Amino acid sequence: MARHLITSALPYINGIKHLGNMVGSMLPADVYSRYLRQRGHEVLYICATDEHGTPAELAAKEQGLPVDEFCAQAHDAQKAVYDGFALAFDYFGRSSSEQNVEITQHFARRLNENGFIEERAIRQVYSPTDGRFLPDRYVEGTCPHCGYDKARGDQCENCTRVLDPTDLINPRSAISGSTDLEVRETKHLFLLQSKLQHEVEEWVSRHEDDWPQLASSIARKWLNEGLHDRAITRDLDWGVPVPSDTWPELAAEGKVFYVWFDAPIEYIGATKEWSDLDPENRDWKSWWYDVDTDVRYTEFMAKDNVPFHTVMFPATELGVREPWKKVDYVKAFNWLTYYGGKFSTSQKRGVFTDQALDILPADYWRYFLIANAPESDDSSFTWEHFTATVNKDLADTLGNFVNRVLSFSKKRFGEEVPAGGEPGEAEAKLGEEIARLLAEYESQMEALQFRKAAAALRALWSAGNSYLEEKAPWLEIKTDKDGAALTLRTAMNLIHLYAVVSEPFIPATSAAMRQAFAVNDDTATWITADEARALTALTPGTPFTVPPVLFAKLTDEDLETYKERFGGSPE
């Protein structure tokens, strides 16, 4: 079995994230990690809060807190939400950790030794009103490419083009709003990506055919446009300090590394944080440094993060000239929109993850988001679509099946799995169908095709309903009690199968289904094709209970309440 290293894009520390952020990185990574663990693979799923850069400083300033105190509180708040979504990280770290500082500075020193960092004098935006140089995100203005009037100095949120602050039209300070800006000379460190262009091209060419088209096309676009040397330091009070033993003058000026330089390194840093908690049993280097080919590294991210992970971070790793593990597969996502408009943390538009959990349990959201993941193109969240999906797939197809089977069996046969007769043609046909659908589900999960995997899972649930309608035990029992008992026993075995294979999508519901049956030695982590055909995991006489309603149907009144609270359009 391969070892699987999995990371999802680090969420910024500046506030609770929206549903688009959840489905674009952390949730699919969690679904995949859970699936791999169930199939017997060794998995290490790492994530962390991205705590450096302008967003942290601005958010702390807005709340009137020191930035380190703000980040500590915000990390705990975000972690609580992710726990609420049942994200099973092996470790959820912090990019401000000592481990990340140590490894980031090591990378910078090695890049410098190898001739890939250069100190340059540049002209940078300075705000007399604020009395400081303004790093890229401290400058806002109009994007010269698409005309978006809230573009930041590092990247336009609307068209995703990478920018420099001096590119913006009508620039203003994000701190004070002042348009009284000057351009002054200052010194910064530059990563000489241009010298690494050919190495990055060769590396990408070995992987891009395996990546989704979205990831490979973005990487190729950057490479075709040519890699430019990029400043990797900023004038900020908060960040990984430039090491004084290598750049004493810049260190004395308080320069820190650019957040996009240290943030990807935090994947390694967070793994060391995890390892340092139990160093006798955990070896972070076995996942990251001079690793064998048995480690397969998969990254999950939305499309705006793709350039940094497919070009900039690999360039950094290549330039270090050390055997650091590089990504094998980049699972890139388009955007989940809100009624056709963008979810936006900065503009507080759309449904945010903490609000979602206030409304309904996590499994409602987990299933809907993955079943509608923006893989091949952008997908739109609407309350109408969400309500219809919950009612049809979760409440009717799965929840109603479980309730009907267990309630009817309890009423007619008591609180134990009934015996009944021997399986017949209908059961054989069902077993073959379940085995086929399970194979389809496995195939799509292995391919990281989440919408197709959700469709296969939904088809598994539907197969149970079709079998129940065909056999109609409520009628069958009038003339063939053993036949009805067989039908219900088979259906209960389907519930057990659903409990096992649905766990990556809806872990809490899967646990409730599994716990309905008092099976002391139920250690199944997955269902084989032969087990799917036989449907005999639950033996006659196994005690069971009827769980509470798994999924409540959403009403028209609920729909109107949600739309009134959050709006039925992006504006």
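Quick caveat: nothing in here was measured; it's all calculated off a predicted structure.
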Using modelled atom types only, decide if a donor and an acceptor are shared between the side chain of [X] and the backbone of [Y] within a distance under 3.5 Å.
X	Y	value
R412	S407	no
Y339	W383	yes
K331	L448	yes
D363	T509	yes
S275	R282	yes
S97	G93	no
T397	K392	yes
N493	T490	no
D30	A88	yes
T542	L538	no

Pairing of [X] and [Y] as salt bridge, 4.0 angstrom limit:
X	Y	answer
E375	R451	no
D396	K553	yes
D76	K79	no
K563	E384	yes

Considering non-hydrogen atoms only, spot the tightest contact between C47 and F89 and give its length.
-> CB-CE2, 3.5 Å

Using the benzene-type ring in the case of Trp, are the ring centres of [X] and [Y] under 6.0 Å apart?
X	Y	answer
H207	Y329	no
F313	W260	no
Y297	H4	no
H309	Y267	yes

Which residue, H75, E266, Q78, forms the side-chain hydrogen bond (donor to acceptor under 3.5 Å, both in side chains) with T49?
-> H75

Test salt bridge (charged side-chain N to carboxylate O under 4.0 Å, His left out) applied to K471 and E427, step by step = CA-CA 10 Å; K471 293 296 293 290; E427 287 70 39; 2.7 Å; yes

Is any side-chain heavy atom of [X] less than 4.5 Å from a side-chain heavy atom of [Y]?
X	Y	value
P11	F92	yes
K342	W335	yes
L394	T389	no
E503	R514	no
W288	I46	no
V81	F352	no
L468	R404	yes
H41	R3	no

Evaluate the criterion salt bridge (charged side-chain N to carboxylate O under 4.0 Å, His left out) for residue pair K17 and D354; output intermediate values, then yes/no.
-> CA-CA 8 Å; K17 304 299 115 179; D354 57 342; over 6 Å; no

[X] and [Y]: side chain donor to acceptor below 3.5 Å:
X	Y	result
Y367	R458	yes
T525	Q38	no
E446	Y35	yes
T353	W365	no
Q99	W284	no
N400	N403	no
E476	T487	yes
D262	N100	yes

ring-ring contact (aromatic ring centres under 6.0 Å, His included) assessment of Y289 paired with W287 | CA-CA 6 Å; Y289 192 82; W287 293 93; over 10 Å; no

Working for salt bridge (charged side-chain N to carboxylate O under 4.0 Å, His left out), residues R94 and E51 | CA-CA 7 Å; R94 302 180 59 186; E51 300 188 7; 2.7 Å; yes

Any chance you could measure D90, atom CG, to Y45, atom OH, to the nearest 0.5 Å?
->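 Output value for this atom pair is 10.0 Å.
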
CG/N520 to CZ/F517 distance, rounded to the nearest 0.5 angstrom?
->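 Here the rounded value is 14.5 Å.
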
Starting from the C-alpha separation in whole Å, work towards a yes-or-no answer on ring-ring contact (aromatic ring centres under 6.0 Å, His included) for Y338 and H18.
-> CA-CA 10 Å; Y338 185 72; H18 52 68; over 10 Å; no

Go through the steps to decide whether F381 and T337 satisfy the test side-chain contact (heavy atoms from CB on, under 4.5 Å), and finish with yes or no.
-> CA-CA 6 Å; F381 177 92; T337 66; over 6 Å; no

Walk me through it: do E42 and R37 pass the test salt bridge (charged side-chain N to carboxylate O under 4.0 Å, His left out)?
-> CA-CA 6 Å; E42 185 180 357; R37 291 189 189 106; over 6 Å; no

